[in-house]
> 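Supplied in structure tokens, the structure appears directly below.
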Amino acid sequence: MSALPRELLPDNSTVAADGRLSVGGCDLLGLAAEFGTPVFVYDEAHLRARCREAVAAFGDGVAYATKAFLCTAMARLAHEEGMVLDVATGGELHVALAAGVPADRLVLHGNNKSAAELARALEVGVGRIVVDSFDEVDRLERLAPGAAHRPQVLVRVTPGVEAHTHEYVRTGQDDSKFGFGLRSGAAGQAVERLGALASVDLVGLHAHIGSQVFVVDSFFHAVEAMAPFVNAQGLPELSIGGGLGVAYVEGESAPSITEWAGAVRAACVDAGITAQVSAEPGRAIVAAAALTLYTVGTVKDLPGIRTYVAVDGGMSDNPRPVLYGSGYETFLPRATDADRDRPVRVVGKHCESGDLLVAEARVPADLAVGDVLATPVTGAYGHSMGSNYNKVPRPPVVFVKDGDARLVVRRETDDDLLRLDL
Ligand SMILES: Cc1ncc(COP(=O)(O)O)c(C=O)c1O
């Protein structure tokens, strides 16, 4: 029975002779004792290395998609490492600005940007606005002429390509709430309308085909589908969005950011695209940098059926298993390399039968109540998609590096749960 594959751990992980795991020089059981559980632990050097890799691979202008994981520390880190930040709402814009990221290093996305969100973007002067609908063109036409900054805009195009990924995270197909269809002619009309607006600069095109895409061919098809349109428009910029997949479980493997960029660039060269090509990875920057630590609270054996191992978090800190049926591995950081020969289901503490974290988990046979249990590769779309369901306070976020543990988001308190009530 297999031990946890080491490649699912953050870059700077070490296992002591007694089997205990440290990340960024910090012993995980020590972190669980100091900060409590559940807790998100991020390997800061891993985050920085992925940001640098993205900048080296795509050049200046490559954006970190903050929806994957955002707090002020993460915004600052991505900015320090030379990335632009992609924000998809006024809320993400607010956090990025509060972190001190200059507005001209931000790209604003969103399929339904409100007039207030657009007005704020124009007031602070965000670097790029990716326009997603004709209603948004109308809003820009109204708001941009009196604005403090002249916006540089891209048109979001749905290239009509089906990425090989979960239906809920596919965005490139014709039937999508995002962007302007290529086949329908809507993308052409959007370019015409924005090109004719004196108060905006139309600088490029954008396409995002989906998330957790493992097959580089999907990006190749997107570039191929976009090329005639891109070349006909002759605009200087093209973003191919994010979507690079990461390995979550044993046996999965994904291209690196460098390999992805190489494949995209080669596809663009083949297609005769001369626009400056960029991208917006989210998951590939942050997912594998983190793991979540929980404490086992109950172990319920149902003879002949299964064993339920319940931890002190669940769908409120990681909704991906419930939303997408996503798989994770799990292990005990006190015995990192131990064989995991006991089949169990790891569930949370929420009042939902669907509240599971790892449906078909394997754990060491001696797992017991009180153990700290870890799920690796939880750095993306866990904290950011988390909730307060059942009034469970959100976990803290700790960045670890060179033996130092830095609390960057504190744990919510019970009083925080009341802060909005009047
Ligand atoms: C427009 C856009 N860019 C980038 C991303 C980031 O995707 P990922 O985290 O899969 O790289 C998304 C994700 O939904 C997106 O919608």
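All ligand and atom numbering here is 1-based and tracks the order in the structure. No experiment lies behind these values; they were computed from the predicted model shown.
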> Under 4.0 Å from a heavy atom of Pro281: give me the atoms of ligand 1 that qualify, with their elements.
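Those of ligand 1 that fall under 4.0 Å from Pro281 are 11 (O).
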
> For the 3.5 Å polar cut-off, considering only N or O atoms, please tell me whether Lys67 and ligand 1 meet it.
yes

> Report, in ascending order of atom number, the atoms of ligand 1 lying under 4.0 Å from any heavy atom of Ser211.
7 (O), 8 (P), 10 (O), 13 (C)

> Relative to each other, are the rings of Tyr248 and Tyr328 parallel, tilted or perpendicular (30° and 60° limits)?
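Answer is perpendicular, since the angle exceeds 60°.
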
> Out of Arg48, Arg105, Arg52, which one pairs with Glu80 under the salt bridge (Lys or Arg N to Asp or Glu O under 4.0 Å) rule?
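Filter result, single survivor: Arg48.
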
> So if I count the atoms of ligand 1 from 1 in the order they appear, which ones are less than 4.0 Å from some heavy atom of Ala65?
4 (C), 5 (C), 6 (C)

> Ignoring angles and geometry beyond distance, decide whether Gly282 reaches within less than 3.5 Å of ligand 1 through its nitrogen or oxygen atoms.
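For ligand 1, there is an N or O atom that lies under 3.5 Å from one belonging to Gly282.
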
> Pick one: which of Lys113, Arg120, Arg128 meets side chain to side chain contact (heavy atoms under 4.5 Å, CB included) with Leu108?
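Of all the options given, the one that passes is Lys113.
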
> Does Phe134 have its ring centroid less than 6.0 Å away from the ring centroid of Phe180?
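Yes, the ring of Phe134 comes within the 6.0 Å limit of the ring of Phe180, centre to centre.
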
> Could you list the atoms of ligand 1 found under 4.0 angstrom from a heavy atom of Arg156?
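Taking each heavy atom of Arg156 in turn, ligand 1 has 1 (C) under 4.0 Å.
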
> May I ask you to list the atoms of ligand 1 that are less than 4.0 angstrom from any heavy atom of Tyr381?
6 (C), 7 (O), 8 (P), 9 (O), 13 (C)

> Is it true that Ser2 and Glu250 share a donor-acceptor pair across their side chains at a distance under 3.5 Å?
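Per modelled atom types, Glu250 and Ser2 side chains form a pair under 3.5 Å.
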
> Near His109, which atoms of ligand 1 are under 4.0 Å from a heavy atom of that residue?
1 (C)

> Would you say the ring centroid of His208 lies under 6.0 angstrom from that of His109?
no

> Looking at Phe58 versus Trp260, is the centre-to-centre ring distance below 6.0 Å?
yes

> If we set the cut-off at 4.0 Å for heavy atoms, which region of His208 has an atom near ligand 1: side chain, backbone, both, or neither?
side chain

> Consider ligand 1: state whether an atom of it lies below 4.0 angstrom from any non-hydrogen atom of Gly243.
yes

> By number and element, which atoms of ligand 1 are closer than 4.0 Å to a non-hydrogen atom of Gly242?
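Counting atoms of ligand 1 from 1, those under 4.0 Å from Gly242 are 3 (N), 4 (C), 11 (O).
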
> Between Tyr42 and Phe399, what is the ring plane arrangement, given parallel below 30°, perpendicular above 60°, and tilted in between?
tilted

> Give the atom numbers and elements of ligand 1 that come within less than 4.0 Å of a heavy atom of Asp86.
3 (N), 4 (C)

